[in-house]
Amino acid sequence: MFAAFSALSVRGRGATRFATATLVSGLAAASVAFGAGTAAADGEAWNQGGASATLGGLKTYGAAVVRADSGDQQISAGLFEMSVDGGGTLQTYCVDVHNPTQRDARYRETPWSATSLGANKDAGKIRWILQNSYPQVNDLAALARRAGVKGGLTEQDAAAGTQVAIWRYSDEVTVDAVDPQAEQLADYLAKSARNLPEPQPSLRLDPPAVSGTPGGRLGPVTVRTNAAGATVTPPADAVTSGVRIVDRDGKAVTSAVNGSRVYFEVPEGAAAGQAALTVQASTTVPVGRAFASESRSQTQILAGSSESTVSAKASATWAKTGAIPALSATENCDKGGVDITAANAGTAPFGFGLLGIRYSIAAGESRTVTVPLQEDQAYDFTIQGPGGFEKRFTGVLDCMTRSGEAEAVGSATQTLGEPSPATVGPAADDTNLAATGGSSVTPLIAGTAIGLVAIGGTVLIITRRKEAALRD
């Protein structure tokens with residue numbers, strides 16, 4: 001029997017990349033309903049845990065000039081600031097010079113593999129620049145001496161020079177700082193940089209989903225964190241359901257450290273169901289961690305962190321017999337889509353349809369399938385299973401810098417405008433820009449409409465229509 005796959009929406013953004021692109025995909029899905037409960041769970045994107053934050057804008061910056069055949073364009077270059085959910089502040093630089101930011105955009109800590117950094121052989125050099133420049137090196141006199149800058153550096157010079165050096169590796173553009181001191185710093189950083197490995201996440205749970213039969217312990221779920229300790233919160237209905245979070249000896253768990261293994265203990269005779277635990281900690285997020293937006297705002301890379309709140313969730317599914325799925329998802333830029341990992345701890349196969357193909361996960365097996373998506377494409381889909389099981393995944397595929405996308409499709413990159421340290425445009429629309437990587441004029445805007453048509457109860461056809469308009 002095959003689980004229902006519901007494509008709620010698949011829409012594209014960023015008409016400068018694929019202004020004429022049209023997506024036509026077939027999604028096979030069984031028309032079988034499973035049990036009660038029709039409300040979808042909260043959307044789970046590629047995020048596997050860590051810090052979540054809201055972009056506050058460009059705070060410390062100077063000016064830079066991007067050189068292009070069409071002419072030189074001046075933009076702002078420097079440090080952004082983000083406010084972390086639950087407390088804390090992040091400082092970031094951007095790694096996509098041609099892509100605008102959106103006002104109050106929401107961001108999540110994410111692995112490099114889910115961003116343009118994953119395919120960038122020089123991503124490790126960007127991390128070196130971050131660790132060896134402002135604000136990690138806040139002794140500006142010492143930084144100036146290392147870079148051979150005789151006139152000294154202001155905070156604005158240091159931020160601009162660091163951002164320019166990053167852009168030379170993240171976007172492979174010809175870009176110079178306007179201030180001579182900032183330009184000298186950028187040259188020093190770019191020439192001195194060497195590859196460093198990707199930093200580990202601030203908090204991650206592995207795996208983020210488990211399954212099994214009642215009367216035992218489901219797991220383990222391993223805590224990975226750089227925090228000294230973390231708080232473990234059991235499911236909200238733990239008292240009524242009887243589900244406990246325990247260690248391997250069956251002792252209740254309320255705290256964890258890096259490497260801790262926790263389990264869901266489900267009472268014997270419990271009806272088929274689902275539960276989730278939350279792990280939360282306070283720590284500094286490692287420099288070099290990527291932050292990708294939940295919309296289509298430019299990707300950021302961490303330059304500094306205060307003590308900040310980080311969190312992660314893990315879920316469990318159980319049933320007495322039949323298919324017992326555990327599902328998780330992560331964006332995979334190498335494959336150009338979203339990896340869906342399905343594990344089945346049950347006694348019967350678990351099946352689901354994706355993009356016209358039916359997959360069957362045998363009892364006791366696990367399999368990962370990739371849902372292919374176009375660059376800049378938002379996704380929102382739900383996989384359903386036995387006993388009311390339902391898992392929803394949402395996000396936006398953002399794997400290339402705008403200049404890289406332009407090369408891929410043979411089109412021109414967005415024209416950059418005059419620098420502006422503040423976000424412009426009305427707060428209610430989807431075209432707000434911040435200073436770096438954006439323009440002081442409204443860019444080419446994409447409007448999207450999606451139609452889902454069921455054919456024979458088994459095939460869904462997705463059609464994307466884009467309307468683009470250029471505003472001065």
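Every heavy atom of this structure was used, including side-chain atoms; hydrogens, water molecules and symmetry mates were not.
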Should the pair Asp380-Arg392 be classified as a salt bridge under the 4.0 Å nitrogen-to-oxygen rule? yes
Does a side-chain N-to-carboxylate-O contact under 4.0 Å join Glu294 and Arg108? yes
Would a distance-only check, ignoring hydrogens and angles, find a side-chain to backbone donor-acceptor pair under 3.5 Å from [X] to [Y]?
X: Asn195; Y: Lys125; answer: yes
X: Ser308; Y: Gly88; answer: no
X: Glu81; Y: Gly57; answer: no
X: Ser306; Y: Thr89; answer: yes
X: Arg127; Y: Pro197; answer: yes
X: Asn120; Y: Leu117; answer: no
X: Gln298; Y: Asn99; answer: yes
X: Thr225; Y: Ser202; answer: yes

Sequence neighbours left out, what passes side-chain contact (heavy atoms from CB on, under 4.5 Å) with [X]? Give chain and number order.
X: Ser83; answer: none
X: Ser192; answer: Trp128, Tyr188
X: Asp69; answer: none
X: Thr309; answer: Gln280

Without hydrogens or angle criteria, can the side chains of [X] and [Y] be said to hold a donor-acceptor pair below 3.5 Å?
X: Ser293; Y: Gln102; result: no
X: Tyr134; Y: Gln91; result: no
X: Thr283; Y: Asn226; result: yes
X: Ser297; Y: Thr101; result: no

Passes side-chain contact (heavy atoms from CB on, under 4.5 Å), Gln74 versus Asp72? Steps please. CA-CA 7 Å; Gln74 183 169 300; Asp72 296 345; over 6 Å; no
Within-4.5 Å side-chain heavy-atom neighbours: [X] and [Y]:
X: Ser315; Y: Lys391; value: yes
X: Asp171; Y: Asp96; value: yes
X: Asn258; Y: Arg224; value: yes
X: Ile361; Y: Phe352; value: yes
X: Phe264; Y: Pro234; value: no
X: Leu302; Y: Glu109; value: no
X: Tyr93; Y: Ile129; value: no
X: Pro111; Y: Glu198; value: yes

side-chain hydrogen bond (donor to acceptor under 3.5 Å, both in side chains) partners for Thr92, two or more places apart: Gln300
Minimum-distance pair of heavy atoms, taken over all atoms of [X] and [Y]:
X: Ser282; Y: Ala227; value: O-CB, 4.1 Å
X: Val95; Y: Thr401; value: O-CG2, 3.5 Å
X: Ala303; Y: Gln136; value: O-NE2, 2.9 Å
X: Ala290; Y: Trp112; value: CB-CD1, 3.9 Å
X: Ala114; Y: Cys333; value: C-SG, 3.3 Å
X: Ala314; Y: Val221; value: CB-CG1, 3.9 Å

Just how far is it from atom [atom1] of [X] to atom [atom2] of [Y], taken to the nearest 0.5 Å?
X: Cys399; Y: Lys335; atom1: SG; atom2: NZ; value: 13.0 Å
X: Gln73; Y: Arg67; atom1: CD; atom2: CZ; value: 11.0 Å
X: Leu373; Y: Asp398; atom1: CG; atom2: CG; value: 12.0 Å
X: Ile383; Y: Ile340; atom1: CD1; atom2: CD1; value: 5.0 Å
X: Ile126; Y: Leu189; atom1: CD1; atom2: CG; value: 12.0 Å
X: Glu331; Y: Thr115; atom1: CD; atom2: OG1; value: 9.5 Å

Ile75 vs Val97, side-chain contact (heavy atoms from CB on, under 4.5 Å): CA-CA, chis, key distance, verdict: CA-CA 9 Å; Ile75 59 173; Val97 64; 3.6 Å; yes
Could you go through Asp334 and Ser113, starting from their C-alpha distance and side-chain angles, then the distance that decides it, and tell me whether this counts as side-chain contact (heavy atoms from CB on, under 4.5 Å)? CA-CA 7 Å; Asp334 185 52; Ser113 60; over 6 Å; no
Does Arg248 CZ have over 12 foreign heavy atoms under 6.0 Å away? no
Does atom CD of Gln131 have more than 12 heavy-atom neighbours, drawn from other residues, nucleotides or ligands, at distances under 6.0 Å? yes
Applied to residues 177-187, the side-chain hydrogen bond (donor to acceptor under 3.5 Å, both in side chains) test, sequence neighbours excluded, yields Arg168-Glu183, Arg168-Asp187
Give the intermediate values and the outcome of side-chain contact (heavy atoms from CB on, under 4.5 Å) for residues Thr254 and Ile245. CA-CA 8 Å; Thr254 58; Ile245 306 303; over 6 Å; no
